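Okay, so here's the structure we're looking at.
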Amino acid sequence: MNPHDIDSLRIATPADVRPAAEAFYALARDRFDCRVATCHNIAVKQLMRDAEGNILATDVFGWTDDEDDRWWRTPQLALASPLTTACRYESDPFWCNGDGFYTMRPNRWLDGIDLTNFERRSFARTAIVVPIHMPFGQIGAVSFTSTDPSRTDLSEEFAAHGETLGLYSRAFITSYQRVMVAPERLPVGGTMLSKREVECLRWAAIGKTDYEISLIMARSRATVRFHIHNAATKLDAVNRSQTVFKAAQLGYIGLNS
């Protein structure tokens, strides 16, 4: 791997977006014989664009309005495609086809993903996919498909280049997100939740009421409400649900809380 390659993919200003995208396209095509599709956030409908507003998918990466290429015009893809679904449960690169997901390490969460009509739902017969998990719960994704549309097995390419494609993808997507996407309204600096505030929010996140939390923590309901209110103030949240959401975005609440 050439360090210059990664440097060419990093974006420092809006003017860097198009040259970085063109460098990414060239690497995928010339070195790995792949087509590349990029998404900076699978939870939003906004397309990735350069400083002039041109859509990268069509203007740089060569995707068209043909039926087989139309993934970039499909807002519901993040909900329907098994590729983006898998990105919510996996953080390392993987490859997949209609028979399953193939990862660097076992991941039982992927076994339950529905692969019915894989090609139609994924706009690909097979792909190498790089999930990019970023601050505040944002997930980007980059997929690489063979220039040969008949291919259904990318195991050799994944074994040889999976980690390198992961590094390239993260350099491009994370720097794009930092430069081109307005930051969420989240507190920064010295704002810290207390141990009791976090404890209350963890129970609230799994559906416990103030009364139930008070029993669990052996505190009064007023005390529980006090801690949750303080957390909301610190997180600049307008209600209980947003307080829990922002706490989760900042890593105070996890799956195993």
Side-chain angles (χ1 to χ4, degrees), residues 10-14 16-17 38-49 51 53 75-80 84-92 107 109 130-142 169-257:
R10 290 197 173 106
I11 299 164
T13 70
D16 297 332
V17 171
T38 64
C39 176
H40 67 289
N41 189 339
I42 64 175
V44 302
K45 297 180 181 179
Q46 287 84 357
L47 300 171
M48 294 182 71
R49 299 175 183 268
Q76 71 271 23
L77 189 64
L79 298 177
T84 48
T85 299
C87 288
R88 296 186 172 96
Y89 297 95
E90 178 59 63
S91 57
D92 287 332
N107 183 341
W109 298 105
V130 180
I132 299 107
H133 291 249
M134 294 173 285
F136 314 132
Q138 298 170 107
I139 303 174
V142 177
S169 300
R170 292 185 184 98
F172 180 69
I173 294 294
T174 57
S175 59
Y176 177 93
Q177 183 82 3
R178 191 177 302 116
V179 170
M180 297 298 288
V181 179
E184 296 284 339
R185 187 182 178 187
L186 284 165
V188 296
T191 300
M192 294 288 291
L193 299 187
S194 71
K195 178 181 176 182
R196 291 299 184 197
E197 290 162 356
V198 170
E199 189 176 1
C200 289
L201 291 178
R202 284 175 174 167
W203 288 116
I206 61 174
K208 298 298 183 182
T209 65
D210 289 346
Y211 174 69
E212 290 169 329
I213 297 171
S214 71
L215 294 178
I216 293 168
M217 295 178 58
R219 298 289 190 276
S220 69
R221 274 185 287 182
T223 298
V224 171
R225 288 195 293 268
F226 171 78
H227 287 313
I228 293 177
H229 173 76
N230 277 356
T233 301
K234 291 179 180 179
L235 295 174
D236 193 21
V238 299
N239 55 37
R240 183 189 187 98
S241 296
Q242 192 181 41
T243 303
V244 170
F245 175 70
K246 287 191 173 186
Q249 282 187 303
L250 290 171
Y252 286 109
I253 301 171
L255 269 179
N256 299 318
S257 294

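The figures here come from the full heavy-atom set of this structure, side chains too, leaving out hydrogens, waters and symmetry mates. For clarity, every value in this text was computed on a predicted model and none was experimentally measured.
- By the side-chain hydrogen bond (donor to acceptor under 3.5 Å, both in side chains) test, Glu197 pairs with Ser194, Lys234, sequence neighbours left out.
- Among pairs with a residue in residues 208-222, those fulfilling salt bridge (charged side-chain N to carboxylate O under 4.0 Å, His left out) read Asp210-Arg240, at least two apart in sequence or across chains.
- Rounding to the nearest 0.5 Å gives a distance of 11.0 Å between OG1 of Thr223 and CD1 of Ile228.
- Note that CD1 of Ile132 is 10.0 Å distant from CD of Gln177, once rounded to the nearest 0.5 Å.
- Here the closest non-hydrogen pair linking Tyr89 and Asn107 is O-ND2, 2.8 Å.
- Within the 4.5 Å cutoff, side-chain heavy atoms of Arg88 are placed close to those of Ile42.
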Test log, rule side-chain contact (heavy atoms from CB on, under 4.5 Å), inputs Ile173 and Met134: CA-CA 9 Å; Ile173 294 294; Met134 294 173 285; 4.0 Å; yes
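- Closest approach of Pro14 and Ala51 over heavy atoms only: O-CB, 3.5 Å.
- Ile253 approaches Ala205 most closely through the heavy-atom pair CG2-CB, 4.0 Å.
- Looking at Leu235 and Gln242, their side chains never come closer than 4.5 Å, going by heavy atoms from C-beta outward.
- The two residues Asp92 and Arg170 come nearest to each other via the heavy atoms CA-NH2, 4.1 Å.
- Looking at Glu199 and Arg196, a side-chain N of the basic residue comes within less than 4.0 Å of a carboxylate O on the acidic one, giving a salt bridge.
- Judged by distance alone, the side chain of Asn230 and the main-chain N or O of His227 form no donor-acceptor pair under 3.5 Å.
- For Val17 against Arg49, the heavy-atom pair with the smallest separation is CG1-O, 3.6 Å.
- Side-chain contact check for Val181 versus Val44: every heavy-atom pair is 4.5 Å or farther apart.
- We find the CD1-CZ distance between Ile213 and Arg202 to be 13.0 Å, quoted to the nearest 0.5 Å.
- Annotation: ring pair (Phe, Tyr, Trp, His ring centres under 6.0 Å) contacts of His40 (sequence neighbours excluded): Tyr176.
- Put simply, OG1 on Thr209 and CH2 on Trp203 are 12.0 Å apart, with the number rounded to the nearest 0.5 Å.
- In this structure, Val142 and Phe172 have side chains that are not in contact, with every pair of non-hydrogen atoms separated by 4.5 Å or more.
- Across Ala231 and Leu201, no two heavy atoms sit closer than the pair CB-CD1, 3.7 Å.
- A side-chain donor-acceptor contact under 3.5 Å links Thr233 to the backbone of His229.
- To the nearest 0.5 angstrom, Cys39 atom SG is 10.0 Å from Gln46 atom CD.
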